[in-house]
Amino acid sequence: MTALIGFIVLVAIALIGWGGAVLKYKNLDYKVNQEEAEGVAHELVHHAPTDKEMGIKDVIKTISAKGYKAI
């Protein structure tokens, strides 16, 4: 019986915490400033994926964790 009460209390606390998080999320207004937008654009331009995808053999050649050989 005490385990059931403990479980119910745990669920109640979880629901209260979840409700608080939802209310906090709805009340926050986040606006992206110009500097952040430029930073994201800069990252997208300079870290764009290349056209060539690596095969499994290429990945194994460039991996840095090869056990004792890595040392």
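Because the structure is a prediction, the values reported are computed rather than measured. Scope of the values below: all heavy atoms of this structure, side chains included, with no hydrogens, waters or symmetry mates.
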Please name all residues satisfying side chain to side chain contact (heavy atoms under 4.5 Å, CB included) with N27, sequence neighbours left out, ordered by chain then number. none
As an exercise, state the distance from CG of L23 to CG of L28, rounded to the nearest 0.5 Å. 11.0 Å
Suppose we screen for side-chain hydrogen bond (donor to acceptor under 3.5 Å, both in side chains). Which residues come up paired with E35, at least two apart in sequence or across chains? none
Same cluster or not: are F7 and W18 linked, directly or through other Ile, Leu, Val, Met, Phe, Trp or Tyr residues, by side-chain heavy atoms under 4.5 angstrom apart? yes
Connected via hydrophobic side-chain network under 4.5 Å: L15 and V22: yes
